[in-house]
Amino acid sequence: MADFDLAIIGGGINGAGIARDAAGRGLRVLLVEQGDLASGTSSASTKLIHGGLRYLEHGAFLLVREALKEREVLLRNAPHIIRPLRFLLPPQPEMRSPLLVRIGLFIYDHLGGRRILPPTQTVDLTHNPLGVPLKRSYRSGFLYSDCRVDDARLVILNALDAAERGASIRTRTKCVRAERSEEWCLILNARGKRQVITARALVNAAGPWVGVVSETVIRMPGPPRVRLVKGSHIVVKKLFDHDSGYIFQNPDRRVVFALPYERDYTLIGTTDENFQGDPAGVGPSGAEIAYLCNTATRYFRQPVAPADIVHAFAGVRSLYDDGSKRPEDVTRDYHLAFDKSYGNAPLLSVYGGKITTYRRLAEAAMKKLSDVFTPSRPWTARVPLPGGDFPYNGVEAQIAQALRKWPFLEEAHAGRLVRAYGTRIGDVLGDADSYAALGTRFGADLTEAEVRYLMTKEFAVDADDVLWRRSKLGLRFADMERAALQRFMSPLPALKLVT
Ligand code: FAD
């Protein structure tokens with residue numbers, strides 16, 4: 001018998017989502033990730049759970065509908081890491097007719113079974129806090145709804161739930177070869193150690209590496225139909241004091257978001273550029289940074305310059321190549337290529353997709369695999385992710401409860417912990433009755449108790465796993481603080497015996 005029913009290459013949102021879904025259906029699942037969970041594209045997104053307003057222009061109604069419907073499903077299942085967000089869209093008649101934009105927003109409001117999120121309204125910016133940071137020429141705007149998410153934590157919570165349902169999640173484990181016969185034989189490199197495992201079916205969810213894995217690891221004949229498109233973001237000190245976001249139109253017809261980020265910052269993105277090369281080394285180019293600064297400066301009173309940037313990041317989408325000329329026109333819909341020829345173990349390759357539709361993608365993947373495994377019913381729509389078992393509008397109540405239980409906590413700290421761990425906050429804080437009981441404070445509000453929780457439960461191995469993926473505390477950490485955290489997390493070197 002094979003070691004596993006299903007092996008998955010890639011610990012991004014798609015791999016982790018499929019692992020959770022499959023493990024919950026009783027399959028024996030292995031997920032291998034060459035780096036940390038969410039170390040690829042899934043921590044470099046705009047962090048929106050959205051229908052994708054601009055995809056309506058491309059006539060992608062089915063994609064937008066599926067994504068819009070998914071917003072509230074995910075909000076109910078993970079109310080700690082997902083929250084509603086209002087977006088202000090200032091009309092730009094020379095770029096798009098305001099009437100057309102209003103019609104688009106009407107469709108957006110009604111296409112996806114919206115129950116929780118408020119509908120679009122027109123606002124007078126001359127008497128509204130949303131108008132304050134904008135240039136005076138913007139006198140009105142449309143305010144519509146979507147959601148935002150901690151993208152990397154969404155991946156980690158899916159992997160955690162998969163593990164709690166029996167899946168084996170192995171980070172720092174690269175699949176270097178996949179030999180195909182009646183079952184798959186995978187050669188793994190786990191931090192320099194060679195491992196061999198067998199599985200009945202294989203999923204290639206390697207995101208921007210899907211083509212590399214197909215060509216060099218699985219050695220499939222023929223080139224993969226994949227198009228790589230890079231997108232960058234910049235983070236600056238906050239440009240506004242309220243909790244809504246902005247969507248700005250650009251003369252090139254693209255849109256750029258400016259979003260409230262991590263309490264004290266504004267996130268601005270994204271760009272769209274064709275990409276070639278190794279996605280591991282990807283970073284924002286000078287031209288992308290200039291483009292984002294110029295867009296923000298076109299709308300905000302306070303100019304944004306490269307010197308204002310406190311952090312910047314880039315990610316690569318692996319899109320299914322539909323032959324479009326411009327990168328922003330390539331379909332954002334996912335494509336699942338299922339290959340099951342006679343006598344060969346099945347292979348499912350994942351192209352494209354969005355953070356927003358990962359759960360539906362996982363359901364579709366399981367449907368494709370239902371030929372191989374006993375068919376089972378979808379289950380993830382109604383089961384909360386770890387820590388998300390409270391009402392979608394209950395975050396404030398959770399914070400108040402935490403402050404009653406751990407009265408020594410600063411309010412902002414309690415807020416951060418509830419928004420990260422939800423009802424599992426108790427697993428982090430235990431019965432601590434003072435800050436001292438939480439151990440060393442490494443920097444910002446990160447304590448030893450939290451780091452230990454992340455290392456034992458959430459697969460964290462080094463400082464960046466904690467500072468950039470399980471949290472975004474990297475924004476607030478000095479180099480020396482990061483180094484001290486790294487020393488704490490590094491295993492003690494083996495003692496050398498002198499003979
Ligand atoms: P990844 O997250 O890249 O995961 C693939 C993983 O496979 C990687 O972690 C990699 O290390 C691993 N891997 C590769 N090769 C191997 C190997 N041989 N062995 C083991 N592991 C391997 N979507 C939204 O819904 N909302 C948004 O706001 C949004 N904004 C975006 C903005 C940008 C700039 C970009 C680029 C994308 C955005 N997306 C958004 C899309 C979304 O981020 C991606 O669709 C999603 O993250 C892809 O996830 P994935 O799991 O396929 O890939």
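Both counts, for ligands and for their atoms, begin at 1 and track the order of listing.
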May I ask whether [X] has any heavy atom positioned less than 4.0 angstrom from an atom of ligand 1?
X: H50; result: yes
X: V350; result: no
X: D151; result: no

Regarding [X] and [Y], do their side chains bring together a donor and an acceptor under 3.5 Å, going by distance alone?
X: T46; Y: H233; answer: yes
X: Y291; Y: N250; answer: yes
X: E450; Y: Y421; answer: yes

With only distance considered, is [X] within less than 3.5 Å of ligand 1 through an N or O on each side?
X: S42; value: yes
X: K174; value: no
X: T270; value: no
X: Q34; value: yes
X: T46; value: yes

What's the shortest distance from [atom] to any protein heavy atom, and which residue and atom give it?
atom: atom 38 (C) of ligand 1; value: R317 NH1, 3.4 Å
atom: atom 11 (O) of ligand 1; value: E33 OE2, 2.7 Å
atom: atom 18 (N) of ligand 1; value: C175 O, 3.1 Å
atom: atom 40 (C) of ligand 1; value: S45 CB, 3.8 Å
atom: atom 53 (O) of ligand 1; value: G207 CA, 3.4 Å

Should the heavy atoms of other residues, nucleotides or ligands under 6.0 Å from NZ of K238 be counted, would the total exceed 12?
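Check passes, neighbour count above 12.
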
Considering L48, V229, I355, which one's heavy-atom position lies nearest to atom 26 (N) of ligand 1?
L48

Considering only heavy atoms, does [X] approach ligand 1 within less than 4.0 Å through its side chain, its backbone, both, or neither?
X: V213; value: side chain
X: K47; value: backbone
X: S43; value: neither
X: N14; value: both
X: A44; value: backbone
X: I13; value: both

Run the salt bridge (charged side-chain N to carboxylate O under 4.0 Å, His left out) test on E57 and R253 for me, step by step, so that the C-alpha distance in whole Å, both residues' side-chain angles and the decisive distance to 0.1 Å come before the verdict.
CA-CA 11 Å; E57 272 185 340; R253 292 193 67 74; 3.2 Å; yes

Check the orientation of Y144 and Y108. Use parallel for under 30°, tilted for 30 to 60°, and perpendicular for over 60°.
perpendicular

In terms of the angle between their ring planes, are Y320 and H335 parallel, tilted or perpendicular, with boundaries placed at 30° and 60°?
parallel

Donor-acceptor under 3.5 Å (H242 side chain, S244 main chain):
yes

I'd like to know if the side chain of D146 and the backbone of L85 have a donor-acceptor N/O pair within less than 3.5 Å.
no

Show the numbers, then the answer: is there a salt bridge (charged side-chain N to carboxylate O under 4.0 Å, His left out) between D462 and R172?
CA-CA 11 Å; D462 72 20; R172 272 74 183 186; 3.3 Å; yes

Residues R360 and E66 bridged, charged N to O under 4.0 Å:
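Yes, R360 and E66 are salt-bridged.
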
